[in-house]
Amino acid sequence: MKFAIITGTSKGLGASIAELLMKAGVHVVGIARTRNRDLLQIARDAGVTYQHFTCNLSDVDQLDRTIEKINDQVFKKETDLVYLINNAATVNPIDIATKHTSEAVQAHMQLNLIAPILTTALVLKRAKHCGIKTVVTNVTSGAADRSTYGWSLYGSSKAGLNRYTESVALEQKELKTEHKVILFDPSIMDTGMQGEIRSASPDAFKDVEQFIDYKVENKLSDTADVASVLVKILLDEAAIINGKYYSIKDYR
Ligand SMILES: NC(=O)c1ccc[n+]([C@@H]2O[C@H](COP(=O)([O-])OP(=O)(O)OC[C@H]3O[C@@H](n4cnc5c(N)ncnc54)[C@H](OP(=O)(O)O)[C@@H]3O)[C@@H](O)[C@H]2O)c1
């Protein structure tokens, strides 16, 4: 049996990854603040299970409790492989640094950086205890590698996620475990996050016109297409290269 724990399954890329993994016979556990009822029907049709856990990943106590419950359900003797996909994230607040409130900074870093750090640690710890092979995928962004006016938080949270992921991958390699930890960069997709980017004011986000053009010129990828690339990588588990930065741009 294979299980995937995926954050942010209510919509966007996370929903597409959940759908395609289930269609490939993987049982999925989804985490988000809202439910995606379509995934239940997809699970029934595919003959696998979909379980939803309502959780605000910006709340550490909720996250800890939720991941422990999920670990109890996923790491069992019939399980031979577990995927953890840290996909949930926010681009907000979009604004210059001097306009950020403490609350917004904290919520952003908690969701984009601390939550994937905690889920990775909790899941790998249980994987070690149970001796079950685990593959962690952290969804990143090209924004980690360039400075963007109004995206100081998004760029820095994703840059932190990159360094964290590569460091944990190095540890797993040196510890000679069979676990793998990778990054996946989906590039620009037609999701709610892009809608939020387009609605930013030019004062807060200087590149807003460029992102409006991406939509008008049909340059945003469909999440199903992007998810199909990641799912193909994940299903060929033996070929996954621990610590690799997988970019959708290399699969077009
Ligand atoms: N869209 C792009 O162009 C693009 C480009 C590069 C990288 N990415 C990355 O791709 C990933 C997916 O992005 P997307 O565009 O699919 O985003 P999206 O459409 O905004 O969906 C975000 C998902 O995260 C969940 N989420 C948000 N806040 C949460 C919270 N506090 N607690 C729990 N879940 C939460 C949302 O569910 P609820 O609201 O129900 O909680 C939703 O399921 C992200 O890591 C993003 O940084 C996106």
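Counting convention: from 1, in listed order, for ligands and their atoms alike. Values below: every heavy atom of this structure, side chains too, minus hydrogens, waters and symmetry copies. The chain is numbered in sequence order, starting from 1.
- Residue contacts with ligand 1: Asp185 is placed with no nitrogen or oxygen under 3.5 Å of a nitrogen or oxygen of the ligand (distance criterion only).
- Between Lys128 and Thr177, the closest side-chain pair of non-hydrogen atoms is not below 4.5 Å.
- Both the backbone and the side chain of Met193 come within contact range of ligand 1, each with a heavy atom under 4.0 Å.
- Near Pro186, meaning under 4.0 Å from any of its heavy atoms, are these atoms of ligand 1: 6 (C), 7 (C), 8 (N), 10 (O).
- In the vicinity of Cys55, heavy-atom distances shorter than 4.0 Å reach the ligand 1 atoms 32 (N), 33 (C).
- Here's the thing with Arg33: one of its N/O atoms is less than 3.5 angstrom from an N/O atom of ligand 1.
- Considering backbone and side-chain N/O atoms, Met189 comes within less than 3.5 Å of an N/O atom of ligand 1.
- Atom 22 (C) of ligand 1 has its nearest heavy-atom neighbour, among Gly12, Gly14, Ala89, in Ala89.
- Residue Ile31 has no nitrogen or oxygen atom sitting less than 3.5 Å from a nitrogen or oxygen atom of ligand 1, judged on distance alone.
- When heavy-atom distances to ligand 1 are checked against a 4.0 Å cut-off, Asn87 comes that close through both its backbone and its side chain.
- Here Glu196 has no heavy atoms under 4.0 Å from ligand 1, in either its backbone or its side chain.
- By the 3.5 Å distance cut-off applied to N or O atoms, Gly8 is counted among the residues near ligand 1.
- For atom 5 (C) of ligand 1, the choice among Ser141, Ser187, Gly195 with the nearest heavy atom turns out to be Ser187.
- The residue Thr90 has no part lying near ligand 1, judged by heavy-atom distances below 4.0 Å.
- With respect to Lys2 and Asp80, no salt bridge is recorded, no charged nitrogen being found less than 4.0 Å from a carboxylate O.
- Of the listed residues (Asp225, Thr223, Leu21), just one forms a side chain to side chain contact (heavy atoms under 4.5 Å, CB included) with Ser16, and that residue is Thr223.
- Listed by number with element, the atoms of ligand 1 under 4.0 angstrom from any heavy atom of Asn56 are 30 (C), 31 (N), 32 (N).
- Between Leu57 and ligand 1, an N or O atom pair is found at a separation short of 3.5 Å.
- Asn56 and Arg33 make their closest contact through CA-CG, 3.8 Å (heavy atoms, listed as atom of the first residue, atom of the second, distance).
- Contacts of Thr9 with ligand 1, taken as heavy-atom pairs under 4.0 Å, involve the backbone alone.
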